[in-house]
**Q** 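Take this structure first; my questions come after.
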Amino acid sequence: MTIVHPIGRAWITTGGTGAQNYDEFADEAEITAIIADNPHSALAVEMPHRSPAAAGRPYAACLDDAVARLEQTKKAGGYRPQAETIVLYRISWPVSRNAGADMAAAYGLYCMVDTDQISTSAEEPGRVIRNEDVFVEKVRERVALADATNHLLSPVLLLAAGTPGARLHEALAAACDGAGAPAAVDVDQAGRTHAIWPLPPGRDADRLRELASAGDLVVADGNHRSLAAQVGGQPRFLAVITTPDSVTIQPYHRLVGPLPISPTELVNRLAAAGAEVTDLPGRPQTPPHGGAVHLYAAGRGWAVRLAAPRGADALERLDHALVESQILAGPLGLDAGDKRVTYVGGDYPAQWLCDEVDAGRADLAVLIAPVTVDDFLAVNLARRKLPRKSTWFTPKARAGLVLAELTGHTA
């Protein structure tokens with residue numbers, strides 16, 4: 001049984017609408033700047049309350065602006081409609097800065113996936129595995145946006161695991177290589193080139209859908225969007241299905257502030273609780289591998305090796321889980337969803353977080369080594385729940401390249 005379907009009515013970008021996803025930013029002022037530069041980008045539709053003209057209005061009060069912006073972009077020719085299509089997707093970038101450098105590539109498939117296949121525990125049947133905590137307010141915003149615009153603008157990134165993923169990777173690479181000139185090309189903030197090719201119904205499309213549906217699919221990015229599909233009663237959600245060979249996981253750090261205790265008291269309490277604490281010279285970097293986290297506060301850095309509980313499994317030994325239980329919930333007394341905790345993805349280097357602390361915009365930086373792809377898949381395939389904001393997958397699927405209209409026709 002295939003759980004992967006064509007997009008019944010897709011809107012394919014003609015250029016200029018691509019954007020970072022709404023949840024890729026540590027500082028929402030960056031969103032406002034991007035919208036000011038490009039009011040036709042998908043970000044301007046997804047985050048209408050961050051537009052320069054919103055002036056602090058709440059999200060719900062700005063949804064009419066989102067609807068109007070999307071319709072204006074369509075009328076201006078920013079998108080063209082296409083029925084019953086899947087879309088080949090390739091992201092490419094040079095492997096070095098040298099002229100004529102070889103190109104690396106990631107591959108994916110835009111499609112619709114059955115919402116009733118989402119599983120969040122071992123007891124819940126389904127072949128789409130989502131096992132990460134979410135922020136309820138973000139889910140509500142995604143539901144409200146879909147209801148208002150009648151479109152899905154950014155996809156859930158699904159990882160096809162194991163042998164099916166390897167076969168899909170080969171098939172997508174071959175399909176993109178033989179597809180000719182792309183229908184649209186977009187270059188992201190890191191200089192990666194995103195190219196798409198709509199594929200009409202037929203034998204080639206059916207084969208790719210079957211390969212994409214051959215095994216379990218793990219939510220790599222888009223936990224809020226996938227839950228929003230469930231909450232909003234959407235029978236299918238927009239996805240890009242990709243492969244383990246197409247992605248890497250970068251660090252996902254934390255900024256904390258204001259602190260309820262001093263940094264010195266925090267470090268002393270961690271040591272008293274059994275952590276191994278070592279002073280670091282100068283500003284710390286991201287730890288080179290798991291097993292220790294780096295802290296920076298008040299101009300000082302520490303390496304902290306947190307002790308996993310006796311008998312801990314692979315999930316409980318993850319640095320992100322130990323940070324939640326032994327730093328945030330422990331001496332700081334903070335829930336992981338507390339507004340005093342800011343989650344900072346891999347596009348921001350360690351020095352940026354240290355700058356935020358030195359500038360007084362945060363009291364503490366917590367630098368955490370990235371989760372490995374193997375650990376990510378092992379935890380998910382065991383139907384265990386990762387701590388929120390544990391994985392920053394790159395390259396990310398771009399918002400605004402392929403839209404899915406939910407009902408009706410507005411062309």
Side-chain angles (χ1 to χ4, degrees), residues 19-37 43 47 49-50 52 56 135 137-138 188-190 221 249-267 269-270 277-288 290 292-304 306 319-320 322-324 326-371 387-394 396:
Q20 291 167 264
N21 290 287
Y22 73 95
D23 56 356
E24 293 183 38
F25 301 90
D27 183 354
E28 291 188 337
E30 297 176 62
I31 299 176
T32 302
I34 290 173
I35 294 173
D37 288 341
L43 196 61
M47 299 294 278
H49 63 314
R50 298 301 173 197
F135 297 98
E137 186 57 35
K138 287 187 177 181
D188 68 21
Q189 73 283 356
D221 192 28
I249 301 177
Q250 292 187 6
Y252 220 135
H253 304 309
R254 282 93 171 102
L255 285 172
V256 188
L259 290 177
I261 58 177
S262 72
T264 301
E265 179 67 16
L266 168 62
V267 171
R269 290 190 187 183
L270 291 174
V277 180
T278 306
D279 286 328
L280 292 173
R283 289 170 146 203
Q285 299 293 324
T286 300
V293 301
H294 290 173
L295 307 183
Y296 181 71
R300 295 182 61 187
W302 300 269
V304 179
L306 300 166
D319 290 330
H320 289 79
L322 297 176
V323 165
E324 278 199 1
Q326 297 186 29
I327 295 180
L328 296 181
L332 296 182
L334 300 178
D335 179 79
D338 194 289
K339 295 295 185 183
R340 287 170 285 183
V341 182
T342 300
Y343 295 86
V344 182
D347 286 355
Y348 297 85
Q351 293 308 300
W352 184 89
L353 283 93
C354 294
D355 286 344
E356 292 295 288
V357 172
D358 287 344
R361 289 185 287 269
D363 291 343
L364 173 71
V366 184
L367 307 176
I368 310 173
V371 175
R388 73 189 74 201
K389 301 299 183 184
S390 301
T391 53
W392 183 270
F393 278 87
T394 59
K396 291 188 177 296

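All heavy atoms count here, side chains included; hydrogens, waters and symmetry mates do not.
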**Q** Please find the pair of heavy atoms, one from A350 and one from L367, that lie closest to each other, and give the distance.
**A**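 In this case the closest contact between A350 and L367 is CB-CD1, 3.9 Å.
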
**Q** For A369 and P287, which heavy atoms make the closest approach, and how far apart are they?
**A**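 That closest heavy-atom pairing would be CB-O, 3.6 Å.
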
**Q** Quick one: CD1 on I31 to CG on D23, what's the gap to the nearest 0.5 Å?
**A**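 Result: 9.0 Å between the selected atoms.
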
**Q** With rounding to the nearest 0.5 angstrom, report the CG to CG distance, N21 to L43.
**A**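 The CG atom of N21 sits 9.0 Å away from the CG atom of L43.
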
**Q** Just how far is it from atom CG of L353 to atom NE2 of H294, taken to the nearest 0.5 Å?
**A**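 Interatomic distance, L353 CG to H294 NE2, rounded to 0.5 Å: 13.5 Å.
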
**Q** Kindly give the heavy-atom pair with the smallest separation between L270 and Q326, and that separation in Å.
**A**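 It is CD2-O, 3.3 Å.
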
**Q** V344 pairs by side chain to side chain contact (heavy atoms under 4.5 Å, CB included) with which of W352, W392, F25?
**A**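 Looking at W352, W392, F25, the match for V344 under the side chain to side chain contact (heavy atoms under 4.5 Å, CB included) is W352.
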
**Q** Atom CD of E324 and atom CZ of R388: how far apart are they, to the nearest 0.5 Å?
**A**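 E324 CD to R388 CZ: 6.5 Å, rounded to 0.5 Å.
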
**Q** Closest heavy-atom contact between L306 and V323?
**A**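 For L306 versus V323, the nearest heavy atoms are CD1-N, 4.1 Å.
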
**Q** Just one of R254, R361, R283 clears the salt bridge (charged side-chain N to carboxylate O under 4.0 Å, His left out) bar with E356, so which one?
**A**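 It is R361; the other options fail the test.
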
**Q** Heavy atoms, side chains only, cut-off 4.5 Å: are L328 and V366 in contact?
**A**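 In short, these two side chains do not touch, never coming nearer than 4.5 Å.
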
**Q** Tell me if a side-chain donor or acceptor on Y348 pairs with a main-chain N or O of A26 at a distance below 3.5 Å.
**A**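 Checking the backbone N and O of A26 against the side chain of Y348, a donor-acceptor pair under 3.5 Å is found.
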
**Q** Measure across P52 and I35 and return the closest heavy-atom pair with its distance rounded to 0.1 Å.
**A**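 Shortest heavy-atom separation between P52 and I35 comes out as CD-CG2, 4.0 Å.
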
**Q** Roughly how far, to the nearest 0.5 Å, is the CZ atom of R50 from the OH atom of Y22?
**A**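 Taking OH in Y22 and CZ in R50, the distance rounds to 13.5 Å.
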
**Q** Show the nearest heavy-atom pair for residues P263 and W302, with the distance to one decimal.
**A**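 That closest heavy-atom pairing would be CB-CH2, 4.3 Å.
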
**Q** Answer yes or no: is there a side-chain heavy-atom contact under 4.5 Å between L295 and I327?
**A**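 Contact flag for L295/I327 side chains = yes.
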
**Q** Rounded to the nearest 0.5 Å, how far apart are CD of E30 and CD of Q20?
**A**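 It comes to 7.5 Å.
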
**Q** Is there side-chain contact between L332 and I261, with at least one heavy-atom pair below 4.5 Å?
**A**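 Sidechains of I261 and L332: in contact.
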
**Q** Is the shortest side-chain N to carboxylate O distance from K396 to D347 below 4.0 Å?
**A**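 No, this pair does not count.
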
**Q** Is there side-chain contact between T286 and H253, with at least one heavy-atom pair below 4.5 Å?
**A**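 In short, these two side chains touch, coming nearer than 4.5 Å.
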
